[in-house]
K.L.:
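Just dropping this structure here.
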Amino acid sequence: MRTMQRLVLAAFLLVSFFYAPAHAAGLTVISAQPEGSVKELSQIVARFSEPMRPLGAMEETAQNSPLNITVPGGALPPGNFRWLDPSTIVYLFDKPERAPFTFDLLIPAGTKALSGAALNAEKRWNITLPNVELSLSDHSPLPPQNAQINLSANYALRLDDLASALSLTMGGATLPFELIERPAYSHNGEEQPGRTYAVVITTALPPEKSVTLSVKPGVRPARGTVPAKGFEFSLQTYAHLKVEEWKAEETYEGSQKIMPESPVEVAFSNSVSRKALMDRLLITPQPQTMTLGGYAALLGERDLDEKRDRVSSHHMLFFAWKPNTTYTIAIQPGLKDAYGGVLDKEVSYTFTTGDHMPFIHLPEGQVMESGLGGVFPILLRNMPYVKAEFEAAPWGREKTVKKVLDVKFSGKNQITRRELNLRDILGDASDGLISMRLTHPHVDYKYGKRPGKEREPETKTYNLQITDIGLSARFGRDNGLAWV
């Protein structure tokens, strides 16, 4: 009997030893996540320092949960309380929450663990999702008729709230409008929370006036509890028709001379018809019209049909400008824009062209047979140099023959055809295989060669053979040769 009493006493002392520190320190909340501002919320988790429920007990009710969640101004979005383990409770939302909510969270003082340890002080924190934000998706000038302002919101809003809070003013006067909610945008089959609202002004607008769009605070989201703050935006109505900019590509930066291959771009304050512009255009001296086969194709421009009635605020004028010539482009008064505005006086632009950009054209291909007596043609213009290096391996000889030649062009701004006569350059060494390497400055067909921006020279190698019987050597597999 005494032995049994001693065992019971020992067990009691052992239990007291382990639980005494917990009672002394009290129950604590180790972590509470998330906290503060978050973009999206799928769960709220609190972890305690001791087991709160028996192992395996996962279900929990809102009434018995130690975690209290309140939503100021609304109800808690659907979800369930669960125990992830004996010490960790979570509130799982039925679906991730992105609406503008504020969650106030509380674990009350006195909350008890299984051991009886109690929480000495309450734990409070809050979680906020992003507030309502409004922005303008387009800041373009407002046209005179049927002007529309697209107001973007990161959440769907209550349309009646927005209509009551929104106002448009111009010079202190209120402008009438209609408010239209655009359909929701879907991405990968999921409807996005944002919306666009079209504010359509139902009165005519004068030019060059400031319009203020104001939204008073308090607009409620269609879902969520936090109303929007106030917003204010300023827009401008359309301008009087004027030329805002002339632009053309210089031969090089700072040269103040225009590339003859460059189109001249003219930018207007409002959109104008290309046909109307061409009817009012006067250029002296008169240039030739650029065609699709001209340098405009090299510039990447494909729409050179001047008869096409394109309406835009930017127009490209393609003409075959002569080098080192001064031109004046004048737009006569009377040009009308898309709003009915009229250019009231002549506008002109004077510029001087420089030299043509460097140009070189070489035959394509790496292996070439010549049946023209060994003549290799080159077309070039304003090219500072072309260096031709030859190495010939005549039939029946062990040594190769090497030659170097500088190809010159004649006539500035003129396309020169030079013919490299391999017979004259290499003599009888031209009877065999010939390797020719041509080196010339890099040519950028869009901008030409610019001082201070030179690139590495371009090099191209040709393998040639002169034949008069229709046969030539071709490189085959494994560096072999075949006569075909």
K.L.:
Under 4.0 Å between a side-chain nitrogen and a carboxylate oxygen: does that hold for E59 and R82?
P.N.:
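Between R82 and E59 there is a salt bridge, with a charged N closer than 4.0 Å to a carboxylate O.
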
K.L.:
Around atom NZ of K123, are there more than 12 heavy atoms from other residues, nucleotides or ligands closer than 6.0 Å?
P.N.:
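Counting other residues, nucleotides and ligands, NZ of K123 exceeds 12 neighbours.
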
K.L.:
What I'd like to find out is whether the side chain of L159 reaches to under 4.5 Å of the side chain of L179, using heavy atoms alone.
P.N.:
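A side-chain contact under 4.5 Å exists here.
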
K.L.:
Centroid-to-centroid, F103 to F93, below 6.0 Å?
P.N.:
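Distance test on ring centres: under 6.0 Å, yes.
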
K.L.:
Looking only at atom types and distance, does a side-chain atom of T111 sit under 3.5 Å from a main-chain N or O of A109, one as donor and one as acceptor?
P.N.:
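Side chain of T111 to backbone of A109, a donor-acceptor pair under 3.5 Å: no, none is there.
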
K.L.:
Hey, is E458 close enough to K460 for a salt bridge, meaning N to O under 4.0 Å?
P.N.:
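A salt bridge is absent here (no side-chain N lies under 4.0 Å from a carboxylate O).
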
K.L.:
Between L157 and Y197, what is the shortest heavy-atom contact and its length?
P.N.:
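Here L157 and Y197 meet closest at N-OH, 2.7 Å.
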
K.L.:
Run the numbers on V199 and L213 for side-chain contact (heavy atoms from CB on, under 4.5 Å), then give the verdict.
P.N.:
CA-CA 9 Å; V199 184; L213 186 155; 4.3 Å; yes

K.L.:
Is any side-chain heavy atom of T352 closer than 4.5 Å to one of I258?
P.N.:
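No. Closest side-chain heavy atoms not under 4.5 Å.
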
K.L.:
Are the charged groups of E97 and K39 less than 4.0 angstrom apart, N to O?
P.N.:
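The answer is no: the pair does not qualify as a salt bridge.
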
K.L.:
Of the non-hydrogen atoms in L317 and M278, which two are nearest, and what is the gap between them?
P.N.:
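Minimum heavy-atom contact is CD2-SD, 4.2 Å.
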
K.L.:
Would you mind reporting whether S234 and V211 have side-chain heavy atoms less than 4.5 Å apart?
P.N.:
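With C-beta onward as the side chain, the pair stays apart.
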
K.L.:
Taking N126's backbone N and O only, do any of them form a donor-acceptor pair with D104's side chain (distance below 3.5 Å, no angle check)?
P.N.:
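No; zero donor-acceptor contacts below 3.5 Å.
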
K.L.:
For residues L151 and L136, determine if any side-chain heavy atom of one lies less than 4.5 Å from a side-chain heavy atom of the other.
P.N.:
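Answer yes - side chains close enough.
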
K.L.:
Which heavy-atom pair separates V200 from Q148 by the least distance, and what is that distance?
P.N.:
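Shortest heavy-atom separation between V200 and Q148 comes out as CG2-OE1, 3.8 Å.
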
K.L.:
Applying side-chain contact (heavy atoms from CB on, under 4.5 Å) to L142 and I149, what does each step give before you reach the verdict?
P.N.:
CA-CA 8 Å; L142 301 175; I149 303 171; 3.9 Å; yes

K.L.:
Roughly how far apart are E261 CD and M357 CE, rounded to 0.5 Å?
P.N.:
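Here the interatomic distance stands at 4.5 Å.
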
K.L.:
First locate atom OH of Y339, then atom CG of N270, and finally report the distance between them rounded to the nearest 0.5 Å.
P.N.:
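The OH atom of Y339 sits 5.5 Å away from the CG atom of N270.
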
K.L.:
Using only heavy-atom distances, determine whether the side chains of T350 and T328 contain a donor-acceptor pair under 3.5 Å.
P.N.:
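Per modelled atom types, T350 and T328 side chains form a pair under 3.5 Å.
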
K.L.:
Does any N or O in the side chain of N68 come within less than 3.5 Å of the main-chain N or O of I107, such that one atom is a donor and the other an acceptor?
P.N.:
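No: the side chain of N68 does not pair with the backbone of I107.
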
K.L.:
Would you check if the side chain of Y462 reaches a backbone N or O of L438 as a donor-acceptor pair within less than 3.5 Å?
P.N.:
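It does not hold such a pair.
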
K.L.:
Would a distance-only check, ignoring hydrogens and angles, find a side-chain to backbone donor-acceptor pair under 3.5 Å from N154 to N131?
P.N.:
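It does hold such a pair.
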
K.L.:
Any idea which heavy atoms bring R47 and T88 closest together, and the distance?
P.N.:
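That would be NH1-OG1, 2.5 Å.
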
K.L.:
Taking salt bridge (Lys or Arg N to Asp or Glu O under 4.0 Å) as the criterion, tell me which of K322, R381, K412 meets it with D355.
P.N.:
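Checked K322, R381, K412 against D355; only one passes salt bridge (Lys or Arg N to Asp or Glu O under 4.0 Å): K412.
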
K.L.:
Is it the case that the ring center of W246 lies less than 6.0 angstrom away from the ring center of F351?
P.N.:
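Distance test on ring centres: not under 6.0 Å, no.
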
K.L.:
Mark yes or no for whether S65, through its side chain, and L67, through its backbone, hold a donor-acceptor pair below 3.5 Å.
P.N.:
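Checked: pair present.
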
K.L.:
Are any side-chain N or O atoms of R220 and backbone N or O atoms of T225, one a donor and one an acceptor, separated by less than 3.5 Å?
P.N.:
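Side chain of R220 to backbone of T225, a donor-acceptor pair under 3.5 Å: no, none is there.
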
K.L.:
Looking only at non-hydrogen atoms, find the nearest pair between S269 and H240 and report the distance.
P.N.:
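Shortest heavy-atom separation between S269 and H240 comes out as OG-O, 2.9 Å.
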
K.L.:
Does the distance from a Lys or Arg side-chain N to an Asp or Glu carboxylate O, for E181 and R195, drop under 4.0 Å?
P.N.:
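Judged by the 4.0 Å cut-off on N to carboxylate O distance, E181 and R195 do form a salt bridge.
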
K.L.:
Kindly indicate, with the supporting measurements, whether the criterion salt bridge (charged side-chain N to carboxylate O under 4.0 Å, His left out) is fulfilled by K112 and E50.
P.N.:
CA-CA 9 Å; K112 290 187 177 181; E50 292 188 34; over 6 Å; no

K.L.:
Has K242 got more than 12 heavy atoms of other residues, nucleotides or ligands less than 6.0 Å from its NZ?
P.N.:
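Yes.
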
K.L.:
Without swapping roles, check the side chain of H315 against the backbone of V272 for a donor-acceptor pair under 3.5 Å.
P.N.:
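Side chain of H315 to backbone of V272: a pair is present.
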
K.L.:
When rounded to the nearest 0.5 angstrom, what is the spacing between CG in L235 and CE in M170?
P.N.:
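That separation rounds to 12.5 Å.
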
K.L.:
For the residue pair L129 and P100, what are the closest heavy atoms and their distance?
P.N.:
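Closest pair (atom of L129, atom of P100, distance): CB-CA, 4.4 Å.
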
K.L.:
Is any side-chain heavy atom of F319 closer than 4.5 Å to one of I283?
P.N.:
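I283 vs F319: side chains touch.
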
K.L.:
Are V45 and I89 close enough, and set up right, to give a side-chain contact (heavy atoms from CB on, under 4.5 Å), and what steps lead you there?
P.N.:
CA-CA 6 Å; V45 183; I89 190 169; over 6 Å; no

K.L.:
Main chain of K209, side chain of T237: is a donor-acceptor contact present, judged purely on distance under 3.5 Å?
P.N.:
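At least one qualifying donor-acceptor pair exists.
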
K.L.:
Donor-acceptor check, side chain of S262 to backbone of E249, threshold 3.5 angstrom: yes or no?
P.N.:
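Such a contact is found between S262 side chain and E249 backbone.
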
K.L.:
Could you tell me whether the side chain of E133 reaches within less than 4.5 Å of the side chain of K229, counting heavy atoms only?
P.N.:
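With C-beta onward as the side chain, the pair touches.
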
